[in-house]
Amino acid sequence: MAVVDAGREPGKAWDFAGPADVAPLGAAIIGYRDVGGAGLDLRVAGAPSVTVMIEFGDREVIVDDAAGRRRLDGFVAGLALEPLRVRSERAACIELRLSPVGGAYSLLGVAPTDLGRNVVAVDDLWGRRARQLREQLADARTWDERFVLTTSFLAQCDRTDRAPDPEVVAGWEQILAARGRVQVGALAESLGWSRKRLWARFESQIGLTPKRAAMLVRFRSAVDGLLAGRPAAAVAAECGYTDQAHLCRDVSIFAHGTPGALASHHLPAIAGHRHRAWGKFFQYRA
């Protein structure tokens with residue numbers, strides 16, 4: 001398994017690696033450690049994937065979500081519409097992003113809708129196995145070893161008997177391919193379902209209606225543009241928003257902020273450079 005490893009260069013704040021080239025069911029994996037004592041303070045906006053964070057250092061992560069503030073050794077977050085705040089004094093983490101119609105079902109053993117609006121502790125999901133994995137990750141000497149351990153762990157969790165309807169999978173893939181610019185009626189017709197049936201199956205199997213799923217995917221596309229430094233008006237036009245005010249409404253829904261505030265949170269420098277993979281995982285930094 002090949003990884004991009006930024007290494008522990010003298011005077012650098014972060015030890016960063018990933019994404020892993022090989023992961024089960026399309027799961028993307030990165031790893032990072034705060035080796036300079038900079039601390040982690042992230043406001044994570046909506047993303048069209050299920051997020052798993054596993055802390056393997058000696059510090060818990062502090063998570064603020066709709067349920068309040070908790071100290072956890074790791075968590076799973078579904079397709080939340082509310083932003084999260086994640087903090088740690090000295091983070092050492094493996095993080096995964098899973099497709100809500102693929103890996104989330106077979107690897108986590110639950111449907112994204114079962115995760116609810118708040119994060120779920122990995123200990124509640126995987127029990128003793130989660131604690132054993134954290135111990136193994138802490139003992140590992142390289143990121144390659146940690147990624148192999150994580151991949152093997154996920155393979156052991158894989159339950160191929162759990163899967164959403166093929167039409168839900170196809171509908172989700174169409175939404176992703178169109179970057180959220182789809183009409184629900186046309187989507188239902190392409191799948192051979194009624195609008196009502198599509199709405200009900202999406203909501204019961206991935207936790208969002210087709211309309212909300214499309215909004216989330218389009219928002220993620222807009223975030224990429226804003227973080228790249230493009231003007232909000234241009235991003236709104238490129239992503240199919242009616243106007244800039246329409247973009248502002250979605251940013252307010254998913255990030256509790258404005259496009260300008262979101263764009264001002266540049267990607268953190270990892271081991272002396274801004275690593276592109278970091279931006280794919282964390283939406284913006286506080």
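The first residue in the sequence is number 1, and the count goes up from there. The shown structure was predicted, so the numbers you read here are calculated from the model rather than taken from an experiment.
Between R128 and D123 there is no salt bridge, since no side-chain nitrogen of the basic residue lies less than 4.0 Å from a carboxylate oxygen of the acidic one. Contact check on R131 versus D73 returns no salt bridge, with no Lys/Arg side-chain nitrogen under 4.0 Å from an Asp/Glu carboxylate oxygen.
With Q205 contributing its side chain and D165 its backbone, the two residues share a donor-acceptor pair below 3.5 Å. S152 places no side-chain N or O within 3.5 Å of a backbone atom of L149 that could act as its donor or acceptor partner.
No side-chain donor-acceptor contact under 3.5 Å links R59 and S88.
Separation of the F153 and W126 ring centroids falls under the 6.0 Å cut-off.
With hydrophobic clusters built from ILVMFWY side chains whose heavy atoms lie under 4.5 angstrom apart, F202 shares a cluster with W199.
Residues satisfying the side chain to side chain contact (heavy atoms under 4.5 Å, CB included) criterion with D139, sequence neighbours excluded, are absent altogether. With sequence neighbours left out, E145 forms a side chain to side chain contact (heavy atoms under 4.5 Å, CB included) with A140, R141, T142.
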Legend entry - Candidate pair E60 and R70, rule salt bridge (Lys or Arg N to Asp or Glu O under 4.0 Å), full reasoning: CA-CA 9 Å; E60 297 171 312; R70 286 174 286 170; over 6 Å; no
Inset, instruction - Begin from the C-alpha positions of T209 and L198 and carry the test side chain to side chain contact (heavy atoms under 4.5 Å, CB included) through to its verdict. - result: CA-CA 8 Å; T209 65; L198 177 66; over 6 Å; no
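Figure legend: cation-pi geometry between R33 and F16 absent, as NZ or CZ is not positioned both under 6.0 Å from the six-membered ring centre and within 45° of its axis.
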